[in-house]
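In what follows, a structure is listed as structure tokens, so that the remarks can point back to it.
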Number of protein chains: 2
Amino acid sequence: MYDRILRDKELKVTPQRIFILEEIRKMGHAGIEDLHDKVKEVYSSVSLATIYKNIHILVEENILREVPVHGRKPVYEINIGDHVHLCCSKCGEISDLMDVDTAPMLAEAEKQTGHRYERIAVMLQGTCKSCSN
Amino acid sequence: MYDRILRDKELKVTPQRIFILEEIRKMGHAGIEDLHDKVKEVYSSVSLATIYKNIHILVEENILREVPVHGRKPVYEINIGDHVHLCCSKCGEISDLMDVDTAPMLAEAEKQTGHRYERIAVMLQGTCKSCSN
DNA sequence: CTGATTGCAAATAGTTTGCATAGCG
DNA sequence: CGCTATGCAAACTATTTGCAATCAG
């Protein structure tokens, strides 16, 4: 599944990397420590240092994207391009909102500043579906 | 200048707090270490622990706002409500864009999810004015 | 005065690095 | 086989905490 993506970036396909990517895909968004715990369940000898090293490489290569979160350590997600993030004020769950178009705001900002922007990150804070019941 | 704001929140008005707030206002956006260095220039005995403690309190009380930044430690700004941030990919400078209206995107997200959001944070990445020359 | 705040030092948490070994290509 | 990647331990950086002294109200 991720073999191809790694090979294309000239990164070696190691089980650690596969498990890291698989786990992030499953979790949607994962912090370093969560990820280490989860990967250890299937690959018990994996070290925290390996998680750190790989996260850096994978972010560098745009396979992953870092999502900075208000008041916490960042989480990481598979890079699927710009989209809106939601962060629940109660449970802290991070989720994606794929259907809100960020282009109009980007266009407005470019119009006002006369510059082009490479990336837009939008984070909304509120109560998520499960917590509002 | 900030006496009133502190008093309203029932926080004691100490020179350290005044200098922290003054410095953030002057710098626009400041990280913990920058802030410590700058405040030390005028109040040389201030400790890093005091900076940390006050930043927490001031964020808690909504006097300051934390701005999470992709790949770095967060910076802090005087809380002036939701607005768009720019981060220069070259020099790293963080700046504000006050005139882009975030309400339409917020409304769209609320429409799609059926929930209300308390806050929207938008970060644009690109090359800033000075760096594009 | 009295409780909040400060500064220091020590403790804790988070991240990076160096190096010997293992394993991908 | 050669070089990258891993795991470990140690180093380093960042943040928090406990406590005695200080200061604002």
Side-chain angles (χ1 to χ4, degrees), chain A residues 1-24 30-61 63-64 66-76 92, chain B residues 1-24 30-61 63-64 66-76 92:
Chain A
M1 171 69 175
Y2 289 109
D3 300 31
R4 186 56 184 278
I5 297 171
L6 291 170
R7 260 186 261 277
D8 286 351
K9 302 282 188 174
E10 308 196 318
L11 295 173
K12 292 198 172 176
V13 179
T14 65
Q16 289 88 337
R17 283 180 180 159
I18 297 296
F19 288 129
I20 287 170
L21 291 168
E22 272 298 313
E23 207 53 60
I24 294 179
I32 295 284
E33 207 62 46
D34 299 338
L35 197 51
H36 184 218
D37 292 345
K38 285 288 182 184
V39 172
K40 261 197 307 197
E41 288 176 11
V42 289
Y43 199 89
S44 59
S45 66
V46 71
S47 78
L48 192 50
T50 295
I51 306 282
Y52 276 109
K53 287 169 187 168
N54 278 310
I55 289 289
H56 285 149
I57 293 169
L58 296 169
V59 168
E60 194 91 353
E61 296 295 347
I63 296 171
L64 293 181
E66 179 181 309
V67 182
V69 187
H70 193 96
R72 316 199 231 155
K73 289 195 272 178
V75 296
Y76 300 87
Chain B
M1 172 71 178
Y2 289 110
D3 299 30
R4 186 57 185 279
I5 297 171
L6 290 171
R7 260 187 261 277
D8 285 352
K9 302 283 188 174
E10 309 196 317
L11 295 173
K12 291 197 172 176
V13 180
T14 65
Q16 290 89 336
R17 284 181 180 157
I18 297 297
F19 287 129
I20 288 170
L21 290 168
E22 271 299 311
E23 207 54 60
I24 294 180
I32 295 284
E33 207 62 46
D34 301 337
L35 196 52
H36 185 216
D37 292 345
K38 285 289 183 183
V39 173
K40 261 196 306 196
E41 288 175 12
V42 289
Y43 199 90
S44 59
S45 67
V46 71
S47 79
L48 193 49
T50 296
I51 306 284
Y52 276 109
K53 286 170 188 167
N54 278 308
I55 289 290
H56 286 149
I57 293 169
L58 296 169
V59 168
E60 194 90 356
E61 296 294 345
I63 296 171
L64 294 181
E66 179 181 309
V67 182
V69 187
H70 194 96
R72 319 198 228 154
K73 287 194 272 178
V75 296
Y76 299 87

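Just so we're on the same page: letters track the sequence lines, and every chain starts at 1.
- Atom CD in B:Glu33 sits roughly 8 Å away from atom P in D:dT15 (whole-Å rounding).
- Between D:dA24 and B:Arg7, no contact under 4.0 Å exists linking OP1 or OP2 to a side-chain N or O.
- Residue B:Thr14 places no side-chain N or O under 4.0 Å from the OP1 or OP2 atom of C:dT5.
- Using a 4.5 Å heavy-atom threshold, the side chains of A:Ile57 and A:Ile63 count as separate.
- Straight-line distance from the CG atom of B:Asn54 to the C1' atom of C:dT6: 9 Å, rounded to whole Å.
- Mapped onto DNA chain D by nearest heavy atom, B:Pro15 and B:Ile32 fall at different nucleotides, with B:Ile32 at the one closer to the 5' end.
- Scanning all heavy atoms of the two residues, the minimum distance from A:Val75 to A:Gly31 falls at CG1-N, 4.0 Å.
- Atom CD1 of B:Ile55 is separated from atom P of C:dT6 by 12 Å (rounded to the nearest Å).
- If you check distances only, the side chain of B:Lys73 never reaches the base of C:dG14 with a donor-acceptor pair under 3.5 Å.
- Computed from coordinates, the B:Leu6 CG to C:dA4 P distance equals 16 Å when rounded to whole Å.
- Of the two residues near DNA chain C, A:Lys12 and B:Glu10, the one whose nearest nucleotide lies more 5' is B:Glu10.
- Of all nucleotides listed (C:dT6, C:dG7, C:dG14), C:dG14 comes nearest to the side chain of A:Tyr52.
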### Task
For B:Asp34 and B:Lys38, run salt bridge (charged side-chain N to carboxylate O under 4.0 Å, His left out): C-alpha distance rounded to whole Å, both residues' side-chain angles, the deciding distance at 0.1 Å, then the answer.
CA-CA 6 Å; B:Asp34 301 337; B:Lys38 285 289 183 183; over 6 Å; no

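- When rounded to the nearest whole Å, the span between CD of A:Glu60 and P of D:dA5 equals 13 Å.
- Relative to the side chain of B:Ser47, the nucleotides C:dG14, C:dG7, D:dA14 differ in distance, and C:dG7 lies closest.
- Listed nucleotides D:dG25, C:dT5, C:dC24 differ in distance to B:Leu11; the shortest reach to its side chain belongs to C:dT5.
- Using a 4.0 Å heavy-atom distance criterion, B:His56 is classed as a sugar-phosphate-only contact.
- Atom CD1 in A:Ile57 sits about 7 Å away from atom P in D:dT6, given to the nearest Å.
- Taking only side-chain atoms of A:Tyr43, from C-beta outward, the nucleotide of C:dC24, D:dT6, D:dG7 with the closest atom is D:dG7.
- The listed nucleotides are C:dT17, D:dG25, D:dC3; the one nearest the side chain of A:Lys53 is C:dT17.
- Within the model, atoms CD1 of A:Ile51 and NZ of A:Lys40 stand 9.5 Å from one another, a figure rounded to the nearest 0.5 Å.
- Two residues are said to be in side-chain contact when any heavy atoms from C-beta on lie closer than 4.5 Å; A:Ile18 and A:Leu6 meet this criterion.
- Residue B:Ala49 has its side chain nearest to D:dT17 when only D:dT17, C:dC24, D:dG25 are considered.
- Put simply, CD on B:Gln16 is 11 Å from C1' on D:dA24, counting in whole angstrom units.
- For the pair A:Leu48 CG and D:dA11 P, the computed distance is 18 Å after rounding to whole Å.
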